[in-house]
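Taking it in order: structure first as structure tokens, then the write-up.
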Amino acid sequence: MYTRLSELAKGKNFPLTNGLLRMPRLVMKFGGTSVANVERIRNVARHVKREVEAGYDVAVVVSAMAGKTNELVGWVKEANSLYDAKEYDVVVASGEQVTSGLLAIALQEMGVNARSWQGWQIPIVTSDAHGTARIVEIDGSGILESFEKKKEVAVVSGFQGVHQETRRITTLGRGGSDTSAVALAAAIGAERCDIYTDVDGVYTTDPRIVPKAQRLDKVSYEEMLEMASLGAKVLQVRSVELAMMHRVPTYVRSSFDDPADPKLGTLICDEEDIMEQQVVTGIAYSRDEAQITLRNVADKPGVAASIFVPLADANINVDMIIQVVSDDTTTTDITFTVPSAEYERACAVLNAHKSEIEFRDLQGATDVVKVSAIGVGMRSHAGVAARAFKALADKGINIRAITTSEIKFSVLIDSAYTELAVRTLHSLYGLDKA
Ligand code: ASP
Ligand code: MG
């Protein structure tokens, strides 16, 4: 019997078979740098042991050792650049299998009862979109039974699952172990999910660009979702969606802390649980953008559809869109952005539809960056974006496109100005560390 993820409520109780009081449950997730070698895996085991001794039933989700997945992907591409996605998943899912076994061994060696679980053994059931599969359901009962009957830590391979009908191994897309961890936390009714990584939390912006960036104690699900979607690399976007949907309190914290003296890091939680809200919580940037401008497109009904329908059919996501009237008033210019990885494909699709769209010129730029400010406080404050436009203009930064929504705004600028723009906005909204 499967427990549907969507049916899970926070802290839902599972039937007890022996009448004993159930221990609180915890999911701990460790990323690639945290398990990069056997010594670090031992350090992870110490963190796990601490939580077991504190009275938790623990499920640990692990990534592949740092660099492993890239190496595996490289081998697949070397074997055939037009590879079969099902076999790609067989190969790349293997990195996590290695780490789960090694961590179980390291725990056993410290006297902690533990076993490894592969995605198909639980099972973590996914769609059949090989390489980018989505979790459909997780049966948490096997793990709960091993907690109850054997007091056994479950060491789970992240990133991987299985498609129910075909029984083939699937993977969740790069960075997918975060998603495995949050989904598992929801499925077993864990009190929270701790994501251990090589940084000690979520920052107001990238500290490599702004040394005055500050670690946030708390950030809301909504804001974290925007930050991750708009370029902050700390968590896979899907994992934040799941945390938000199932209300799983999630910490981002460092595995390099002394296991005997751990720090909590940043809590991703409900907006209501955050006392002091800033108007702007963080500044994100993404270099994975490309701009396309179609010049002198006929200004008549149906043009937008003639451009964006073929792009959608080709599965290309369009983000920012602006349309301006050209000098001659019978034609218009349309500018929009696509992911830079899709830039060439997008140009090919547009050129193939040139006669229907009737544009004169296609101009593109890939040396652009999208800089965004995020904060739930924008809902209740007017003029937040306007201040940014002024501050950027004062620095001589030209804005190519703008988008806004309830809790964020983004500007597209020349990538040469990335650092300057991020720093300018970071200080403008009072986020600099004193
Ligand atoms: N090992 C996988 C990757 O590198 C999954 C993960 O680490 O989250 O993308
Ligand atoms: Mg990651």
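Atoms within a ligand are numbered from 1 in the order they appear, just like the ligands themselves. Being a predicted model, the structure only gives us computed values, none of them experimental.
The shortest heavy-atom distance from Gly32 to ligand 1 is not under 4.0 Å. Using a 4.0 Å cutoff on heavy atoms, Gly175 counts as a contact of ligand 1. Contact between Gln236 and ligand 1 is absent, with no heavy atom of the residue lying under 4.0 Å from the ligand.
Annotation: the span from His47 atom NE2 to Phe256 atom CZ amounts to 9.0 Å, rounded to 0.5 Å.
Distance alone, capped at 3.5 Å, places no donor-acceptor pair between the Asn317 side chain and the Pro339 backbone. Judged purely by atom type and a 3.5 angstrom limit, Ser94 has no side-chain atom pairing as donor or acceptor with the backbone of Val90.
Phe336 pairs in a side chain to side chain contact (heavy atoms under 4.5 Å, CB included) with only one of the listed residues (Val318, Thr293, Leu412), which is Val318.
Residue-level proximity to ligand 1 for Lys68 is absent, since no heavy atom of it falls below 4.0 angstrom.
The atoms of ligand 1 that sit less than 4.0 Å from any heavy atom of Ser63 are 6 (C), 7 (O), 8 (O). Listed by atom number, the atoms of ligand 1 under 4.0 Å from Thr69 heavy atoms are 1 (N), 2 (C), 3 (C), 4 (O). Those atoms of ligand 1 with a heavy atom of Ser177 less than 4.0 angstrom away are 5 (C), 6 (C), 7 (O), 8 (O).
The heavy atom nearest to atom 4 (O) of ligand 1, out of those in Glu96, Arg174, Met65, is found in Arg174.
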